[in-house]
Engineer: 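I am attaching a structure below and will ask some questions about it afterwards.
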Amino acid sequence: MAYLQEGPAYKRLADDLRSQIASGKLGVGTALPSASQLVKAHGVSTTVVRDAIRILREEGLVYGQPGKAVFVRATPEESVSERLTLDELTEGFQQIQEQLEGFEPGNGRDAVEELRAEIADLRRSVAVLQAQLIELYGRVGQPYPRDKAPLKSEDGSGHLRRAAGD
């Protein structure tokens, strides 16, 4: 195995496993070697193996838990493509939230009704984007950042507040 001698051991191991995934030696859907096999093959500690797998999981390449089976989820190219889509959805979601925050009812009934209809449409769009965003975060094995939850009003007052993470 081509094993670089630079950098921390966990990064070197992650690079080696990433390379094997990219080359197809470890195909999508196949299990990574067990932690004990990786320890023996690379002459590293179990902590190094856990940290390397954590990096690959954060990159969306593998799923599962150290100590249990860890499977290849995607190639590096597929993972990058999904991350770009995720970033685009996040940006669109944030833009819609900013638009919602800027709405203030005008004078007159028609203007208020028109704004309410527009806000309702925007909220539906936000809900769809958020669902897609949560799904994409799940696909890449990342937790959805709950602190950026959508704005919503539960009391009917029209005052917006951050939604609680459900």
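Because only heavy atoms are used, hydrogens play no part in the values below, and waters and symmetry mates are left out as well, while side chains stay in.
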Engineer: Should Leu17 and Leu38 count as side-chain neighbours, where that means a heavy-atom distance under 4.5 Å?
Structural biologist: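 Sidechains of Leu38 and Leu17: in contact.
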Engineer: What is the minimum heavy-atom distance between Ser125 and Ile96, and which atoms define it?
Structural biologist: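 Shortest heavy-atom contact: CB-CD1, 4.1 Å.
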Engineer: Taking all atoms of both residues into account, what is the closest heavy-atom pair of Val44 and Ala9, and its distance?
Structural biologist: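 Minimum heavy-atom contact is CG1-CB, 4.3 Å.
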Engineer: Take Thr90 and Tyr137, measure what side chain to side chain contact (heavy atoms under 4.5 Å, CB included) needs, and give me the verdict at the end.
Structural biologist: CA-CA 10 Å; Thr90 301; Tyr137 269 98; 4.3 Å; yes
Engineer: Under 4.5 Å between side-chain heavy atoms, counting indirect links through other Ile/Leu/Val/Met/Phe/Trp/Tyr residues: same cluster for Ile134 and Leu129 or not?
Structural biologist: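 They do share one cluster, since a chain of ILVMFWY contacts under 4.5 Å joins Ile134 to Leu129.
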Engineer: What's the shortest heavy-atom distance between Leu89 and Gln132, and which atoms?
Structural biologist: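 Looks like CD2-OE1, 3.5 Å.
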Engineer: Any chance you could measure Ile55, atom CD1, to Asp15, atom CG, to the nearest 0.5 Å?
Structural biologist: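 Rounded to the nearest 0.5 Å, the CD1-CG separation comes out at 8.0 Å.
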Engineer: To the nearest 0.5 Å, tell me how far Arg50 CZ sits from Arg54 CZ.
Structural biologist: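 It is 12.0 Å, given to the nearest 0.5 Å.
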Engineer: Quick one: does Arg12's side chain have a donor or acceptor within less than 3.5 Å of a partner on Gly7's backbone?
Structural biologist: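 Such a contact is found between Arg12 side chain and Gly7 backbone.
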Engineer: Within a radius of less than 6.0 Å around CD of Glu77, do more than 12 heavy atoms belonging to other residues, nucleotides or ligands occur?
Structural biologist: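 Count over threshold, so yes.
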Engineer: Considering the options Val28, Leu26, Thr30, which one meets the side chain to side chain contact (heavy atoms under 4.5 Å, CB included) requirement together with Ile21?
Structural biologist: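 Only one option passes, and that is Leu26.
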Engineer: Please report the interatomic distance CG(Asp51) to OG1(Thr46), rounded to the nearest 0.5 Å.
Structural biologist: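 Result: 9.5 Å between the selected atoms.
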Engineer: Sequence neighbours excluded, which residues qualify as ring pair (Phe, Tyr, Trp, His ring centres under 6.0 Å) partners of Tyr10?
Structural biologist: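 Counting only residues at least two positions away or on another chain, Tyr10 forms no ring pair (Phe, Tyr, Trp, His ring centres under 6.0 Å).
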Engineer: Kindly give the heavy-atom pair with the smallest separation between Ala52 and Ala14, and that separation in Å.
Structural biologist: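 Closest heavy-atom pair between Ala52 and Ala14: CB-N, 3.7 Å.
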Engineer: Once you round to the nearest 0.5 Å, how far does CD1 of Ile119 lie from CZ of Arg123?
Structural biologist: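 Going from CD1 on Ile119 over to CZ on Arg123, the span is 6.0 Å.
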Engineer: Counting C-beta onward and ignoring hydrogens, is there a side-chain heavy-atom pair between Arg18 and Pro76 closer than 4.5 Å?
Structural biologist: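 Side-chain contact under 4.5 Å: yes.
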Engineer: Can you list the steps and then say if Val72 with Leu61 is a side chain to side chain contact (heavy atoms under 4.5 Å, CB included)?
Structural biologist: CA-CA 6 Å; Val72 176; Leu61 299 178; 5.9 Å; no
Engineer: Between CD of Gln37 and NE2 of His42, what distance do you get to the nearest 0.5 Å?
Structural biologist: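 Here the rounded value is 10.5 Å.
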Engineer: Do you know which two heavy atoms are closest between Ala74 and Glu78, and how far apart they sit?
Structural biologist: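 Smallest heavy-atom distance, with atoms named: CA-OE1, 3.3 Å.
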Engineer: About how many Å separate CZ of Arg73 and CZ of Arg57, when rounded to the nearest 0.5 Å?
Structural biologist: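 With rounding to 0.5 Å, CZ (Arg57) is 12.5 Å from CZ (Arg73).
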